[in-house]
> 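Take this structure first; my questions come after.
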Amino acid sequence: MKQLALLAGLLLMAAPVSATNWTEVQQIESRIEKLGARIYWSRMNTGVCSERGMLGIYKLRERTVYMCQQAIRDSGEPLMETLKHEGWHAVQQLCNNGRAVLSDDKIRALLSERDKRTLRNYYDTSQHRLEAEARALEEVPTVAYLRGISHYCH
């Protein structure tokens, strides 16, 4: 019995901290595709996903979200956050003419200090608003995220 309890404890420790909710992934993917964008799941780090550190990208001209699954797995970053982030760039383009939809105050309130540093250090100031908003919405619960898409993309 002790061995079984020890094994169960080890299995719990080995389990991922945040499991991906595939139903939510499908809901987000479906909603983004209804806007007229595509989502491409790249299993290996090739093509647009070959750039070092690339977890995902929204290609404006192609209207495509590329999800770099291997890089996400290697980095340990949650897939859901990357999908929400890149999907929100599609919302910005397709529903609001390439502009952020939230006010600066709302965006600032949702950003972590880490995100603020990343914006300052790695992005041109012309990209700050769009990138900050996408980063802020990574953390929003899926129900609220989907509601936001419905609100801004009527």
Side-chain angles (χ1 to χ4, degrees), residues 15-154:
V17 175
S18 63
T20 301
N21 182 328
W22 292 104
T23 301
E24 289 182 14
V25 167
Q26 289 173 336
Q27 290 172 335
I28 292 169
E29 183 176 30
S30 174
R31 193 68 61 89
I32 298 299
E33 288 178 342
K34 283 181 184 175
L35 298 177
R38 295 180 316 144
I39 298 184
Y40 178 78
W41 296 89
S42 176
R43 289 187 180 189
M44 303 307 294
N45 293 339
T46 59
V48 297
C49 292
S50 63
E51 185 178 322
R52 188 170 185 259
M54 179 70 65
L55 303 178
I57 188 169
Y58 176 68
K59 290 286 200 171
L60 187 99
R61 289 193 172 113
E62 298 172 29
R63 289 187 171 189
T64 301
V65 170
Y66 289 91
M67 294 293 295
C68 307
Q69 294 179 88
Q70 184 64 47
I72 292 169
R73 203 170 16 257
D74 292 347
S75 72
E77 292 292 324
L79 178 136
M80 185 67 80
E81 289 178 9
T82 303
L83 178 60
K84 286 178 180 176
H85 178 104
E86 299 307 335
W88 197 259
H89 285 310
V91 170
Q92 291 167 333
Q93 181 209 5
L94 299 170
C95 303
N96 205 35
N97 297 319
R99 297 184 320 258
V101 297
L102 298 177
S103 70
D104 287 344
D105 290 339
K106 285 183 184 175
I107 293 171
R108 269 194 288 282
L110 292 169
L111 280 181
S112 70
E113 287 304 316
R114 178 181 175 213
D115 285 333
K116 291 174 185 175
R117 273 192 310 278
T118 300
L119 287 168
R120 283 191 302 269
N121 295 332
Y122 299 106
Y123 290 90
D124 185 74
T125 55
S126 66
Q127 297 175 296
H128 280 193
R129 261 192 111 235
L130 294 176
E131 191 61 29
E133 182 179 71
R135 285 179 175 275
L137 289 168
E138 290 174 6
E139 301 293 332
V140 170
T142 300
V143 171
Y145 181 89
L146 294 171
R147 205 174 313 133
I149 293 174
S150 295
H151 180 76
Y152 293 109
C153 302
H154 36 217

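Numbers here simply count residues along the sequence, with the first being 1.
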> Excluding sequence neighbours, so at least two apart, what forms side-chain hydrogen bond (donor to acceptor under 3.5 Å, both in side chains) with E113?
K116

> So, for W88 and Y145, which heavy atoms are closest and what is the spacing to 0.1 Å?
N-OH, 3.2 Å

> So, for A132 and I107, which heavy atoms are closest and what is the spacing to 0.1 Å?
CB-CG2, 3.6 Å

> Do D124 and S126 get their side chains close enough for a donor-acceptor pair, meaning under 3.5 Å?
yes

> Test of understanding: with side-chain hydrogen bond (donor to acceptor under 3.5 Å, both in side chains), list the residues that count as partners of Q70, not counting sequence neighbours.
R73, D74

> Is the backbone N or O of I149 less than 3.5 Å from a side-chain atom of R31, with the two atoms forming a donor-acceptor pair by type?
no

> Of the non-hydrogen atoms in E77 and L55, which two are nearest, and what is the gap between them?
CG-CD1, 3.7 Å

> Just list the side-chain donor-acceptor pairs under 3.5 Å for residues 90-99, sequence neighbours left out, or say none.
from: Q92; atom 1: OE1; to: H89; atom 2: ND1; distance (Å): 2.8
from: Q92; atom 1: NE2; to: L130; atom 2: O; distance (Å): 3.1
from: Q92; atom 1: NE2; to: E133; atom 2: OE1; distance (Å): 2.8
from: Q93; atom 1: OE1; to: Y58; atom 2: OH; distance (Å): 2.2
from: N96; atom 1: OD1; to: R99; atom 2: NH2; distance (Å): 3.4
from: N96; atom 1: ND2; to: R99; atom 2: O; distance (Å): 3.2
from: N96; atom 1: ND2; to: A100; atom 2: O; distance (Å): 3.0

> Rounded at 0.5 Å granularity, tell me how far CD1 in I57 sits from CD in E62.
9.0 Å

> Do you know the tightest heavy-atom contact between C68 and M54?
CB-O, 3.4 Å

> Would you give the length of the straight line joining atom OG1 of T82 to atom CE of M67, rounded to the nearest 0.5 angstrom?
5.0 Å

> What distance do E81 atom CD and T20 atom OG1 have between them, rounded to the nearest 0.5 Å?
10.0 Å

> What pairs with N121 under side-chain hydrogen bond (donor to acceptor under 3.5 Å, both in side chains), at least two apart in sequence or on another chain?
none

> Between NE2 of H151 and NE2 of H154, what distance do you get to the nearest 0.5 Å?
7.0 Å

> Work out which heavy atom in T118 is nearest to a heavy atom in Y123; give both atom names and the distance.
O-CD1, 3.7 Å

> With no hydrogens and no angle check, just 3.5 Å: does a side-chain donor-acceptor pair link S112 and R135?
no

> Minimum heavy-atom separation for S75 to I72, with atom names?
OG-O, 3.1 Å

> Between K84 and V140, is there a donor-acceptor pair closer than 3.5 Å when you use the side chain of the first and the backbone of the second?
yes

> Applying side chain to side chain contact (heavy atoms under 4.5 Å, CB included) to R108 and L111, what does each step give before you reach the verdict?
CA-CA 5 Å; R108 269 194 288 282; L111 280 181; 5.5 Å; no

> Please tabulate, for the side chains in residues 33-40, all donor-acceptor contacts under 3.5 angstrom to protein atoms that are two or more places apart in sequence or on a different chain.
from: R38; atom 1: NE; to: T64; atom 2: OG1; distance (Å): 3.3
from: R38; atom 1: NH2; to: T64; atom 2: OG1; distance (Å): 3.1

> How many angstroms lie between atom CG of L102 and atom CZ of R129, to the nearest 0.5 angstrom?
8.0 Å

> Rounded to the nearest 0.5 Å, how far does CD of E139 lie from NE2 of H85?
12.0 Å

> I'd like to check V65 versus E29 (side-chain heavy atoms, cut-off strictly below 4.5 Å). Are they in contact?
no

> With E24, which residues qualify under side-chain hydrogen bond (donor to acceptor under 3.5 Å, both in side chains), at least two apart?
N21, T142

